[in-house]
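Structure, as structure tokens:
All values reported here derive from a predicted model rather than from experimental measurement.
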Amino acid sequence: MQIRIEFFRVHDGSDARARLNRMDCVTPDIEAAIAQAEDLLKGAGMPQKPDAFALFDDLGNELYQARFTPTNPR
């Protein structure tokens, strides 16, 4: 399945997003896409650390979103 992974910062007090990076990839399923996003986070070399990531299908529909918290660290 074709997936777009977007990493972003979230503005405190609102849920406004600032996209830091996005990557298109092909994965067998949503679980594999989540694992791939977490692996990319470790080695993507972004200038800022993202607060969250989201997965989108090839039509732009959001399939999954995860925000990094103290109990869900990056």
Salt bridge (charged side-chain N to carboxylate O under 4.0 Å, His left out) partners of R22, counting only residues at least two apart: none
Residue list, salt bridge (charged side-chain N to carboxylate O under 4.0 Å, His left out) with D58, at least two apart or on another chain: none
Shortest non-hydrogen contact from A37 toward L55: CB-CD2, 4.4 Å
Identified salt bridge (Lys or Arg N to Asp or Glu O under 4.0 Å) partner of D51 from the options R9, R19, R67: R9
Side chains of I3 and V26 in contact at under 4.5 Å (non-hydrogen atoms): no
Close side-chain approach of Y64 to F53, heavy-atom, < 4.5 Å: yes
Hydrophobic cluster of F8, others only, ordered by chain and residue number, side-chain cut-off 4.5 Å: V10
Between [atom1] on residue [X] and [atom2] on residue [Y], distance to nearest 0.5 Å:
{"X": "C25", "Y": "Q2", "atom1": "SG", "atom2": "CD", "value": "7.0 Å"}
{"X": "N21", "Y": "F7", "atom1": "CG", "atom2": "CZ", "value": "7.0 Å"}
{"X": "I5", "Y": "E38", "atom1": "CD1", "atom2": "CD", "value": "10.0 Å"}

Verify same cluster id: F56, L20 (apolar side-chain graph, 4.5 Å): no
N61: partners by side-chain hydrogen bond (donor to acceptor under 3.5 Å, both in side chains), with sequence neighbours left out: D57
Under the side-chain hydrogen bond (donor to acceptor under 3.5 Å, both in side chains) test, residues paired with E62 that sit two or more places apart: R17, Q65
Side chain to side chain contact (heavy atoms under 4.5 Å, CB included) involving A32 - partner list, sequence neighbours excluded: T27, P28, D29
